[in-house]
Amino acid sequence: MPRGARASLPDLPASSGERFPFPRTNRLLRARDFRAVFQNAERVSDRHFTVLFCRGSSIHARLGMAVPKRAVPRAVDRNRIKRQVRESFRLNRSRLPPMDVVVLARAAARSATGPDLKQALGRLWQRVLKRCEGQSSC
């Protein structure tokens with residue numbers, strides 16, 4: 001392959017035939033959106049993550065992440081954690097009401113395995129959904 005040429009990646013089939021895209025409209029991008037979540041949020045947490053959530057201005061659930069360098073010093077670990085959070089959100093996004101969510105990683109996430117992080121995030125999404133049932137703020 002010539003240098004600079006881009007290899008085309010084959011389309012990976014989803015196991016159920018559904019696609020779960022993660023478009024830009026489903027991300028918190030601006031500082032003021034993050035500030036709004038930090039000021040008005042409810043929170044759920046475990047030893048790996050803290051999830052802040054509140055009613056958002058979008059019609060979709062949107063995700064923001066914060067993986068502090070102080071808690072997770074190595075970039076490779078921060079990127080792995082962010083990939084796990086994005087994947088979990090992407091798969092659970094259709095179940096969430098329109099809200100803005102910020103996931104904060106804690107130091108324990110650094111040494112956790114991928115399946116452990118996946119399970120932790122699954123439990124946190126369940127708790128978020130449970131809190132939002134019957135509330136007008138979610």
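Hydrogens, waters and symmetry mates are skipped; everything else that's a heavy atom, side chains included, is used.
- Taking all atoms of both residues into account, the shortest heavy-atom contact from Cys54 to Ala36 is SG-O, 4.2 Å.
- Nearest approach of Val85 to Leu121, heavy atoms of both residues: CA-CD1, 3.8 Å.
- When all heavy atoms are compared, the tightest approach of Arg106 to Val72 is O-CG2, 4.4 Å.
- Proximity of Phe34 to Val102: side-chain heavy atoms (C-beta onward) are separated by under 4.5 Å at one or more points.
- Contact annotation: the side chain of Met65 approaches that of Lys82 to within less than 4.5 Å [non-hydrogen atoms, C-beta and beyond].
- In this structure the side chain of Asn92 never reaches within 4.5 angstrom of the side chain of Phe89, judged on heavy atoms.
- Closest non-hydrogen pair, Phe49 versus Val103, comes out as CD2-CG1, 3.6 Å.
- No donor-acceptor distance shorter than 3.5 angstrom exists from the side chain of Asn26 to the backbone of Phe22, with no hydrogens or angles considered.
- Summarising the geometry, atom OG belonging to Ser88 is positioned 9.5 Å from atom CG belonging to Leu117; distances are rounded to the nearest 0.5 Å.
- The pair Glu87-Arg90 meets the salt-bridge criterion, since a charged nitrogen lies less than 4.0 angstrom from a carboxylate oxygen.
- A donor-acceptor pair under 3.5 Å is formed between the side chain of Arg78 and the backbone N or O of Pro73.
- Scanning all heavy atoms of the two residues, the minimum distance from Ala61 to Pro97 falls at CB-O, 3.6 Å.
- Two residues are said to be in side-chain contact when any heavy atoms from C-beta on lie closer than 4.5 Å; Ile81 and His48 fail this criterion.
- The pair Asp100-Arg62 meets the salt-bridge criterion, since a charged nitrogen lies less than 4.0 angstrom from a carboxylate oxygen.
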May I have the step-by-step check of side chain to side chain contact (heavy atoms under 4.5 Å, CB included) for Trp125 and Val44, ending in yes or no?
CA-CA 9 Å; Trp125 297 133; Val44 294; over 6 Å; no
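- Note on Val101: it clusters hydrophobically with Val67, by side-chain heavy-atom contacts below 4.5 Å among ILVMFWY residues.
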Residue pair Arg43, Phe53: steps toward the side chain to side chain contact (heavy atoms under 4.5 Å, CB included) verdict
CA-CA 6 Å; Arg43 72 175 52 209; Phe53 58 98; 5.8 Å; no
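- Residue Lys130 holds its NZ atom at 9.0 Å from CD of Gln126, rounded to the nearest 0.5 Å.
- For the residue pair Met99 and Cys132, the shortest heavy atom distance occurs at CE-SG, 3.2 Å.
- The shortest distance between side-chain heavy atoms of Leu52 and Phe38 falls below 4.5 Å.
- Separation of atoms OG1 (Thr113) and CD (Gln84) is listed at 8.5 Å; rounding is to 0.5 Å.
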